[in-house]
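Accompanying notes for the structure given below.
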Amino acid sequence: MMEKKTPTLKEITPRSQDYSQWYQDVVLKTELADYGPVKGCMIIRPYGYALWEAIQADMDRRIKETGAVNAYFPMFIPKSFLEKEKDHVEGFSPECAWVTIGGGTELEEPLAIRPTSEAMICSMYAKWVGSWRDLPVMINQWCNVVRWEKVTRPFLRTTEFLWQEGHTLHATAEEAEEETLRMLEVYRGFCEEMLAMPVVAGPKSEAEKFAGAKRTYAIEAMMGDGRALQAGTSHNLGQRFAEAYGIEYLDKNMQRVRPWSTSWGVTTRLIGGMVMTHGDDSGLILPPRVAPIQIVIVPIPPRKGDWNEAILPRARELQRRLRAAGLRVHLDDRDTQQPGFKYADWEMRGVPLRLEIGPKDVEKNQAVLVRRDNRAKAFVPEGELAARAAELLAALQSDLLSRARRFLADSTTRVSAWDEFKDVMNGKRGFLACGWCRDAACEAAIKEETKATVRVMPRDAGERPGVCIRCGRPSPGEVLFAQAY
RNA sequence: CGGGGCGUGGCGCAGUCUGGUGGCGCGCCUGGUUUGGGACCAGGAGGUCGGAGGUUCGAAUCCUCCCGCCCCGACCA
């Protein structure tokens with residue numbers, strides 16, 4: 001295998017020059033998304049939507065494996081429903097979009113366009129649940145939600161976004177906590193196995209909790225510019241929503257009791273996270289497991305004569321065989337573009353493997369396979385193509401994860417002094433592991449001075465008791481601070 | 001929602017200060033030569049200069065208001 005150095009693409013701003021511009025260039029130029037007429041409402045283009053479909057398909061399977069089933073609830077939520085849980089409404093009303101006119105007349109009661117569906121779904125649960133035999137209830141829905149954000153960026157924060165939201169009811173506090181953690185683990189596993197995006201999982205601080213939740217857990221990924229991205233959340237809602245929405249049932253002792261609820265979700269933000277986790281100055285690098293196209297075949301025309309005679313039929317045959325082996329293969333048979341252009345174009349779009357087939361290859365009964373991540377070239381006999389392609393895709397998938405894991409580790413700095421904290425946060429940023437007294441005032445002060453917030457309190461936090469990075473009071477365990485997207 | 005920047009063929013920009021027949025690059029279309037890392041030549045199409053008012057003989061250019069986008073801050077998946 002030979003390696004080639006990375007050529008730069010003129011369409012894409014180098015990451016080192018302007019990370020945020022790089023991200024925007026990549027998303028637009030690779031046709032993942034485009035801006036629409038309404039601020040914050042992007043169009044997810046076919047290539048981007050294919051990624052979402054791949055994410056959906058696998059995540060949906062994982063969700064169903066936990067026992068949840070899919071359903072669909074309305075997008076309009078009556079104002080009075082939303083207002084039943086005090087913290088919930090306080091948290092979400094600032095970013096709610098309201099419908100006040102329908103069919104030309106003012107509505108008696110304004111309808112919120114769902115920012116999340118706890119209010120709607122819990123209201124229905126109140127109607128559906130009456131007996132201990134009805135539990136647990138585990139319903140998931142795939143839908144769009146609207147949150148009127150001030151600052152928007154494609155995939156990372158949009159006014160309207162797509163997600164899945166699961167809502168469950170359980171007989172005991174323990175079961176609810178188990179469910180919350182189970183889904184957190186489902187998300188963590190998905191991000192690592194499918195997106196090759198390593199994450200840190202753990203509970204959020206009180207300040208960072210979901211509006212109305214008893215406890216919020218999250219997975220956090222680290223982006224190339226040293227900022228953390230919340231990639232999924234799982235909430236233990238305790239009995240607060242059950243109480244607010246009047247969900248109760250008769251238990252085995254014929255007592256009226258309230259169930260315990262959870263909710264959990266991941267969004268199209270995952271796509272943004274994946275773009276930033278793997279992309280380079282040439283554009284996207286897509287993990288093979290979710291790449292809409294895993295292999296692109298670029299036929300090389302002969303010096304003289306028609307490529308229809310020898311090259312294209314061969315290329316079609318290879319496509320057929322690779323497809324038969326279960327791979328997603330695209331043949332770029334445009335005769336209007338030169339091979340060099342196609343190389344650059346498909347690299348920008350992040351296709352994991354390129355297959356070149358030209359006169360010399362046909363002669364030797366071989367083809368050339370080139371990896372997107374390191375541009376390593378391999379000359380492969382035709383008979384071994386499908387097997388080698390599958391091997392290379394698997395290697396690429398796991399190399400992406402290893403590389404991202406190394407980056408995550410390199411981006412995590414253990415600090416023990418406040419000055420050190422500020423220095424790192426002003427420099428390379430990333431995750432800062434340190435003690436924290438758990439006082440919200442201290443957390444707020446740290447945010448004020450450094451823009452960093454508590455991202456998660458990792459599982460092994462209790463193993464590292466110490467003192468608060470800012471005030472010096474005792475810390476029960478280490479937490480991770482970072483500037484967040 | 002505060003501070004800053006920007007709206008000119010599909011995209012990126014010049015022209016605006018100092019008013020006087022809207023231009024460049026890329027892309028697109030046609031024809032030809034090309035094709036193993038972003039080809040070249042020739043010809044061609046495409047614009048109510050973000051919108052509405054105003055000033056002026058005359059407005060992309062000056063004035064007023066509005067809209068949108070981007071960046072930086074306070075809220076968020």
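So that the names make sense, note that chain A is the first sequence line, chain B the second, and so on, each numbered from 1.
- Nucleotide B:rG37 forms a pair with no other nucleotide shown, judged by Watson-Crick or G-U wobble geometry with both contacts under 3.5 Å.
- The P atoms of B:rG12 and B:rG27 are separated by 15 Å, rounded to the nearest whole Å.
- Sorted by first and then second residue, the pairs that involve residues 194-206 of chain A and meet salt bridge (charged side-chain N to carboxylate O under 4.0 Å, His left out), not counting sequence neighbours, are A:K204-A:E220, A:E206-A:K209.
- The P atoms of B:rG44 and B:rC67 are separated by 44 Å, rounded to the nearest whole Å.
- Atom CD of A:Q337 is separated from atom P of B:rG36 by 13 Å (rounded to the nearest Å).
- In this structure, B:rU64 forms a base pair with B:rA52, meeting either the Watson-Crick or the G-U wobble geometry with both donor-acceptor distances under 3.5 Å.
- A salt bridge does not link A:R289 with A:D58: none of the charged nitrogens is closer than 4.0 Å to a carboxylate oxygen.
- As judged by a 4.0 angstrom heavy-atom cut-off over every strand, A:P359 is placed among the base-contacting residues.
- Look at A:Q338 and you'll find a side-chain N or O under 4.0 angstrom from OP1 or OP2 of B:rA39.
- B:rC11 and B:rG25 make up a base pair, with Watson-Crick or G-U wobble contacts both under 3.5 Å.
- Donor-acceptor pairing under 3.5 Å, judged by distance alone, is present between the side chain of A:R354 and the base of B:rG37.
- Here, B:rA60 and B:rU8 have their P atoms 15 Å apart, quoted to the whole Å.
- By the 4.0 Å N-to-carboxylate-O rule, A:R349 lies close enough to A:E31 to be salt-bridged with it.
- Taking the P atoms as reference points, B:rA39 lies 30 Å from B:rG23, given to the whole Å.
- The pairing partner recorded for B:rA45 is none, the criterion being a Watson-Crick or G-U wobble arrangement whose two distances lie under 3.5 angstrom.
- On the P atoms, B:rG4 is 30 Å away from B:rA77, given to the nearest whole Å.
- In this structure, A:V145 reaches neither bases nor backbone, as no heavy-atom distance under 4.0 Å exists between it and the strands shown.
- A ring-ring contact (aromatic ring centres under 6.0 Å, His included) with A:F241 holds for exactly one of A:H88, A:H167, A:H235; it is A:H88.
- A:E179 and A:T262 are not linked by any side-chain donor-acceptor pair at a separation below 3.5 angstrom, with hydrogens and angles left out of the test.
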What string of B, S and - do you get for nucleotides 70-77 of chain B, 5' to 3', if B is base contact, S is sugar-phosphate-only contact and - is no contact with any protein heavy atom under 4.0 Å? SS-BBBBB
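- When both distances must be under 3.5 Å, the Watson-Crick or G-U wobble mate of B:rC75 does not exist.
- Between the CH2 atom of A:W346 and the C1' atom of B:rG36 there is a distance of 19 Å, rounded to whole Å.
- Separating the NZ atom of A:K342 from the C1' atom of B:rA39 is a distance of 14 Å, rounded to the nearest angstrom.
- Under the 3.5 Å distance criterion, the side-chain polar atoms of A:R438 are matched with a main-chain donor or acceptor of A:W436.
- Residues A:K447 and A:E443 are not paired through a salt bridge, judged by the lack of any N-O separation under 4.0 Å between the basic side chain and the carboxylate.
- Straight-line distance between the P atoms of B:rU18 and B:rU30: roughly 47 Å, to the nearest whole Å.
- Distance CZ (A:F379) to C1' (B:rG36): 9 Å, rounded to an integer number of Å.
- Atom CH2 of A:W148 has 12 or fewer heavy atoms from other residues, nucleotides or ligands within 6.0 Å.
- Following rounding to the nearest Å, A:L28 (CG) and B:rC11 (C1') show an atom-to-atom distance of 11 Å.
- The side-chain hydrogen bond (donor to acceptor under 3.5 Å, both in side chains) test with A:Y343 is passed by exactly one of A:E356, A:Q338, A:R354: A:E356.
- Nucleotides B:rA59 and B:rA74 have their C1' atoms positioned 40 Å apart, rounded to a whole Å.
- Straight-line distance from the CH2 atom of A:W307 to the C1' atom of B:rU35: 9 Å, rounded to whole Å.
- Regarding A:E347, its CD atom lies at a distance of 12 Å from the P atom of B:rG38, rounded to whole Å.
- One can place CG of A:D306 at 14 Å from P of B:rU35, the figure rounded to the nearest angstrom.
- Taking atom P in both B:rU48 and B:rC57, the straight-line distance is 28 Å, to the nearest Å.
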